[in-house]
Amino acid sequence: MDYSQLKCHYDYIIVGAGLYGATFARRATDAGYSCMVIEKRDHIAGNVYTEPVEGINVHRYGAHIFHTADKRVWDFVNELVPFNRYTNCPVAKAPNGKMYNLPFNMNTFYQMWGVETPAQAQAKLDEQRAEAVEAMRADGVTEPRNLREQALTLIGHDIFEQLIDGYTRKQWGRPCESLPAFIIKRLPVRMTFDNNYFNDPYQGVPEGGYTLLVERLLDGVDVLLDTDFFDRRDEWMSRCDKLVYTGPIDRFYDYRFGKLQYRTVRFETEVVETPNYQGNAVVNYTSADVPFTRIIEHKHFETFGQAVYDNPRTVISREYSTEWSEGMEPYYPVNDDVNSAIYTRYEEMARRETKVKFGGRLARYRYYDMAPVIAEALSAEL
């Protein structure tokens with residue numbers, strides 16, 4: 001939409017065309033409110049944006065698999081776009097060169113130790129957990145002090161060394177000994193031969209991609225792309241009764257308490273002259289010697305079985321985790337004590353706002369799966 005086509009005043013101006021902003025705009029529009037969405041990027045859908053390449057919907061900002069136990073949310077998105085049957089079953093290539101199923105389940109334990117029954121797997125886990133606890137006690141430690149110690153007490157040294165240590169170091173850019181224990185407070189362990197990564201009963205990918213889903217959410221809503229809210233902040237504030245802000249909360253308050261830290265992700269995407277590159281949508285590379293964390297093969301999110309071979313090409317993305325700096329896309333909040341304290345001060349200011357609502361991962365400085373973001377927007381007060 002062109003700037004000249006905008007109305008003089010809106011009930012809601014929404015900053016950000018991602019899932020939170022688009023869902024809120026849909027609700028408010030359906031309730032009779034006038035809405036306008038401002039988006040800094042040249043496209044809608046935020047980090048769930050998908051674009052067609054070689055007839056394949058490519059997840060430009062990384063793999064996104066929708067999953068939820070909330071039937072209200074599942075029904076809501078499926079009324080807009082039907083979701084397919086995709087089930088997330090990633091595999092990992094470990095430093096020893098072997099491939100392992102994720103999450104940790106009986107397939108993983110059989111591949112790691114050759115055990116065939118839950119009792120055998122449990123005995124192996126108990127043995128290695130006890131070794132970790134005994135080593136900590138020998139150092140005079142009763143509670144895990146860092147991620148390494150926490151993981152060893154949960155899963156043992158074999159799985160930690162092959163599937164957690166190197167991957168986590170790449171993901172966070174820090175050794176596991178310097179990361180807080182709470183990051184890995186719980187590890188899913190299944191004593192069944194079940195490779196489904198999520199426990200939620202509803203799971204899939206929208207047929208036609210996430211961009212189509214967000215287009216449906218924004219149907220009938222005025223959208224202004226390539227527009228930085230802060231370039232005309234005072235004007236936008238004067239042209240609405242309420243502002244819904246989904247951007248970085250520290251930016252909204254001009255960084256007065258300091259800048260919040262993030263990890264970010266860089267992608268190398270290429271078209272490959274083969275119909276099936278790795279046989280799975282997601283393959284993690286857990287060795288610290290491999291610079292990328294995983295390879296995504298986008299075709300497998302929406303194409304199944306023999307149909308994979310109908311397209312002679314495929315598209316893959318190598319994913320690199322790196323430190324965030326100004327101008328880069330913020331992905332994962334660094335929820336250590338320093339950043340949590342900074343965010344708390346911003347949050348206190350946000351609570352006192354009467355005209356501004358804050359929502360989404362950047363405004364709340366937390367990692368969100370897609371379904372909780374939508375649920376929050378569906379429950380927000382209009």
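Using a 4.5 Å heavy-atom threshold, the side chains of T286 and P95 count as touching. A heavy-atom distance below 4.5 Å is found between the side chains of E116 and Y110. Residues R169 and R174 are not in side-chain contact: their nearest non-hydrogen atoms beyond the backbone lie 4.5 Å or more apart. Annotation: side chain of V221 is not in contact with side chain of I14 (no heavy-atom distance under 4.5 Å). Between L187 and F160, every side-chain heavy-atom pair lies at or beyond the 4.5 Å cut-off. E51 places none of its side-chain heavy atoms less than 4.5 Å from the side chain of H43. Residues R318 and E270 form a side-chain contact, since some pair of their non-hydrogen atoms from C-beta on lies under 4.5 Å apart. The side-chain heavy atoms of T227 and Y3, taken from C-beta on, include no pair separated by under 4.5 Å.
Evaluation of the salt bridge (charged side-chain N to carboxylate O under 4.0 Å, His left out) test over residues 208-221, restricted to residues two or more places apart or in two chains, returns none.
Considering K357, R361, R364, R27 in turn, R364 is the only one that fulfils the salt bridge (Lys or Arg N to Asp or Glu O under 4.0 Å) rule with E376. Remark: of the listed residues Q203, R190, H67, Q203 is the sole one forming a side chain to side chain donor-acceptor pair (under 3.5 Å) with N196. Checked against Q171 for a side chain to side chain contact (heavy atoms under 4.5 Å, CB included), the options L179, V265, T293, N284 give a single hit: T293. When each of W236, F252, Y12 is paired with Y245, the ring-ring contact (aromatic ring centres under 6.0 Å, His included) condition holds for F252 and for no other.
Y197 OH: 12 or fewer foreign heavy atoms inside a 6.0 Å radius. Taking a 6.0 Å sphere around NZ of K355, one finds it holds more than 12 heavy atoms contributed by other residues, nucleotides or ligands. Counting non-hydrogen atoms of other residues, nucleotides and ligands closer than 6.0 Å to CG of D231 gives a total above 12. Enclosure of atom CD in E143 is not indicated, since only 12 or fewer non-hydrogen atoms of other residues, nucleotides or ligands lie within 6.0 angstrom.
Within the 3.5 Å criterion, the main-chain N or O of S4 finds a donor-acceptor partner in the side chain of D2. Of the possible polar contacts, one joining the E149 side chain to the R145 backbone as a donor-acceptor pair under 3.5 Å is found. Between the K124 side chain and the F109 main chain, no donor and acceptor come within less than 3.5 Å of each other. Of the possible polar contacts, one joining the S34 side chain to the D11 backbone as a donor-acceptor pair under 3.5 Å is found. Between the side chain of R239 and the backbone N or O of H9 there is no donor-acceptor pair closer than 3.5 Å. Although no hydrogens or angles enter the test, the distance criterion places a donor-acceptor pair under 3.5 Å between the side chain of N311 and the main chain of E54. Side-chain N or O atoms of Y365 include one that pairs as donor or acceptor with a backbone N or O of V334 at under 3.5 Å. Of the possible donor and acceptor atoms, one in the side chain of N280 sits under 3.5 Å from a partner among the backbone N and O of C89. For T108 (side chain) and N101 (main-chain N/O), a donor-acceptor pair under 3.5 Å exists by modelled atom type. A donor-acceptor pair is defined here as one N or O able to donate and one able to accept, closer than 3.5 Å; no such pair exists between the side chain of Y277 and the backbone of I295.
Listed here is the closest heavy atom pair of M99 and K93: SD-CB, 3.6 Å. Here the closest heavy-atom approach between residue Y86 and residue A281 is recorded as OH-CB, 3.3 Å. Closest approach of L382 and A31 over heavy atoms only: CD1-CB, 3.9 Å. The shortest non-hydrogen separation linking L362 to P330 is CD2-CG, 3.8 Å. Closest heavy-atom contact between R72 and S379: NH2-OG, 3.4 Å. Between M106 and A121, the closest heavy-atom pair is SD-CB, 3.8 Å.
Note: H298 and H59 have tilted aromatic rings, judged against thresholds of 30 and 60 degrees for the angle between ring planes. Using a 30° and 60° split on the angle between ring planes, Y346 and Y253 fall in the parallel class, below 30°. Note: Y262 and W324 have perpendicular aromatic rings, judged against thresholds of 30 and 60 degrees for the angle between ring planes.
Rounding to the nearest 0.5 angstrom, the gap separating the CG atom in D222 from the CD atom in Q5 is 8.5 Å. Here the straight-line distance linking atom CZ of R366 with atom OG of S340 works out to 11.0 Å at 0.5 Å rounding.
Follow the hydrophobic side-chain contacts under 4.5 Å out from Y285 and you never reach L102; the two are in separate clusters. V133 and L152 end up in different hydrophobic clusters when Ile, Leu, Val, Met, Phe, Trp and Tyr side chains are linked at under 4.5 Å. Residues I159 and M136 are members of separate hydrophobic clusters, defined by side-chain heavy-atom contacts under 4.5 angstrom among Ile, Leu, Val, Met, Phe, Trp and Tyr. There is a path of hydrophobic side-chain contacts, each under 4.5 Å, that joins I183 to L163. In the hydrophobic clustering of this structure, Y368 groups with I44; members are Ile, Leu, Val, Met, Phe, Trp, Tyr whose side-chain heavy atoms approach within less than 4.5 Å, directly or through other members.
For Y255, the ring-ring contact (aromatic ring centres under 6.0 Å, His included) criterion is met by no residue, not counting sequence neighbours. Annotation: salt bridge (charged side-chain N to carboxylate O under 4.0 Å, His left out) contacts of R251 (sequence neighbours excluded): D254. A search for ring-ring contact (aromatic ring centres under 6.0 Å, His included) contacts involving F104 returns nothing, not counting sequence neighbours.
E302 and N84 are not linked by any side-chain donor-acceptor pair at a separation below 3.5 angstrom, with hydrogens and angles left out of the test. Side-chain atoms of R41 and N47 form a donor-acceptor pair, as typed in the model, at a separation below 3.5 Å. Side-chain N/O atoms of Q122 and D126 include a donor and acceptor closer than 3.5 Å. D200 and T68 share no donor-acceptor pair across their side chains, judged by distance under 3.5 Å alone.
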Output, in order, the C-alpha distance, side-chain angles, deciding distance and verdict of side-chain hydrogen bond (donor to acceptor under 3.5 Å, both in side chains) for N105 and N107.
-> CA-CA 5 Å; N105 67 78; N107 287 305; 3.2 Å; yes
Should D241 and Y33 be marked as a side-chain hydrogen bond (donor to acceptor under 3.5 Å, both in side chains) after you check the CA-CA gap, both sets of side-chain angles, and the distance that decides it?
-> CA-CA 10 Å; D241 293 334; Y33 294 98; over 6 Å; no
Could you walk me through whether Y332 and W172 pass ring pair (Phe, Tyr, Trp, His ring centres under 6.0 Å), step by step?
-> CA-CA 9 Å; Y332 306 109; W172 291 99; 7.1 Å; no
Taking it one step at a time, do N78 and D75 satisfy side-chain hydrogen bond (donor to acceptor under 3.5 Å, both in side chains)?
-> CA-CA 5 Å; N78 275 269; D75 290 343; over 6 Å; no
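In the hydrophobic clustering, V308 connects to Y309, either directly or through intervening members, whenever side-chain heavy atoms lie under 4.5 Å apart. In this structure, V58 belongs to a hydrophobic cluster whose other members, linked by side-chain heavy atoms under 4.5 Å apart, are V53, I56, V271, V315.
Remark: R26 fails to qualify as a cation-pi partner of F76 under the 6.0 Å distance and 45° angle criteria applied to the six-membered ring.
A salt bridge links E347 with R351: the distance from a Lys NZ or Arg NE/NH1/NH2 to an Asp or Glu carboxylate oxygen falls below 4.0 Å.
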